[in-house]
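Worksheet: the structure to be examined is printed underneath.
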Amino acid sequence: MRLDEESKAFHYAVYAVVGQIPYGKVTSYGHIAYLIGRPKNARQVGSSLKHSEYIVSQLNLEDAGISDLPWWRVILSAGTISKRDSGEYEQARRLQDEKVVVDGMKVDLDDFGWFPDLVDI
DNA sequence: GACTTGACTCATT
DNA sequence: GAATGAGCCAAGT
């Protein structure tokens, strides 16, 4: 995977926001995209998280305080956990570990946060 | 360098 | 409400 400066900035912004989602709360891909100024890039946010382990190590983001990214706190705008091979179940489990109410693949709205304060990244 | 894929979203039906 | 389809754009092939 080749990372030019622009995509590095995109990934960094995504991780910076995701890393600030409070324990026990979740938000959506689209909201992350909106916060970093790329509202049309929700899919890229997901892609970014998918490759986060590799990218974080490539960019030495651990030095910037970004590690153990809480990717499981990012869900669909519909309030459900996104479908994929089977990682969805681990995501549900991790959320329940944080006392987030998960009914099937649907997350309780009380835990669905909107974090406009996170814009300053 | 063109074509496909995808951890998405929104408007429409 | 649920289902469908078009739009989106960085990564992967």
Side-chain angles (χ1 to χ4, degrees):
Chain A
M1 183 189 298
R2 320 171 301 294
L3 294 169
D4 56 29
E5 291 306 313
E6 201 170 305
S7 55
K8 282 182 185 177
F10 177 82
H11 288 300
Y12 181 84
V14 170
Y15 301 151
V17 173
V18 172
Q20 292 183 65
I21 301 174
Y23 175 96
K25 292 292 179 182
V26 298
T27 193
S28 73
Y29 296 97
H31 186 229
I32 304 284
Y34 170 79
L35 289 182
I36 64 177
R38 309 288 285 274
K40 306 296 179 59
N41 287 43
R43 294 187 96 128
Q44 272 53 244
V45 173
S47 180
S48 199
L49 292 177
K50 180 180 182 180
H51 303 297
S52 63
E53 196 172 329
Y54 169 79
I55 296 171
V56 165
S57 66
Q58 283 295 302
L59 305 187
N60 292 316
L61 295 183
E62 296 95 335
D63 299 339
I66 295 176
S67 58
D68 298 320
L69 222 54
W71 54 267
W72 56 90
R73 295 179 190 147
V74 185
I75 62 176
L76 302 185
S77 65
T80 59
I81 293 173
S82 67
K83 186 78 175 173
R84 72 207 96 156
D85 289 339
S86 58
E88 57 202 283
Y89 300 110
E90 176 178 356
Q91 183 168 12
R93 186 181 61 72
R94 284 181 180 266
L95 287 174
Q96 286 167 337
D97 283 349
E98 300 190 353
K99 312 305 179 199
V100 173
V101 178
V102 181
D103 173 21
M105 285 293 115
K106 173 80 175 178
V107 174
D108 194 294
L109 290 180
D110 289 345
D111 296 319
F112 194 76
W114 211 238
F115 310 112
D117 295 343
L118 303 185
V119 176
D120 60 332
I121 49 178

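Chain identifiers are assigned alphabetically (A, B, ...) following the order of the sequence lines, protein sequences preceding nucleic acid strands; residue numbering begins at 1 within each chain.
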> If the sugar-phosphate is the primed atoms plus P, OP1 and OP2 and the base is the rest, what is the B/S/- string for nucleotides 7-13 of chain B, using protein heavy atoms under 4.0 Å?
Replying inline: BBSS---
> Between C/dC8 and A/Arg38, is there an OP1 or OP2 to side-chain N/O distance shorter than 4.0 Å?
Replying inline: no
> So which pairs with a foot in residues 86-95 of chain A pass side-chain hydrogen bond (donor to acceptor under 3.5 Å, both in side chains), sequence neighbours left out?
Replying inline: A/Lys83-A/Glu88, A/Arg84-A/Gln91, A/Glu90-A/Arg94, A/Arg93-A/Asp97
>> My understanding is that only residues two or more places apart in sequence, or in another chain, count here; which of them pass salt bridge (Lys or Arg N to Asp or Glu O under 4.0 Å) with A/Glu6?
In response: none
> Just how far, in rounded Å, is P of C/dA10 from NZ of A/Lys8?
Replying inline: 17 Å
> Taking CD1 from A/Ile36 and C1' from C/dC9, how many angstroms apart are they, rounded to a whole number?
Replying inline: 12 Å
>> Distance check needed: C/dA11 C1' versus A/Asp4 CG, whole Å only.
In response: 11 Å
> Looking at A/Thr80 and A/Ile75, what are the two nearest heavy atoms and their distance?
Replying inline: O-CB, 3.4 Å
> Can you list every pair that meets salt bridge (charged side-chain N to carboxylate O under 4.0 Å, His left out) and has a residue in residues 69-78 of chain A, with sequence neighbours left out?
Replying inline: A/Arg73-A/Glu98
>> Expressed as a whole number of angstroms, how long is the span from A/Asp85:CG to B/dG6:C1'?
In response: 12 Å
>> For residues 56-71 of chain A, which residue pairs pass the salt bridge (charged side-chain N to carboxylate O under 4.0 Å, His left out) check, not counting sequence neighbours?
In response: none
> Could you give all pairs that pass the salt bridge (charged side-chain N to carboxylate O under 4.0 Å, His left out) test and reach residues 31-56 of chain A, with sequence neighbours left out?
Replying inline: none
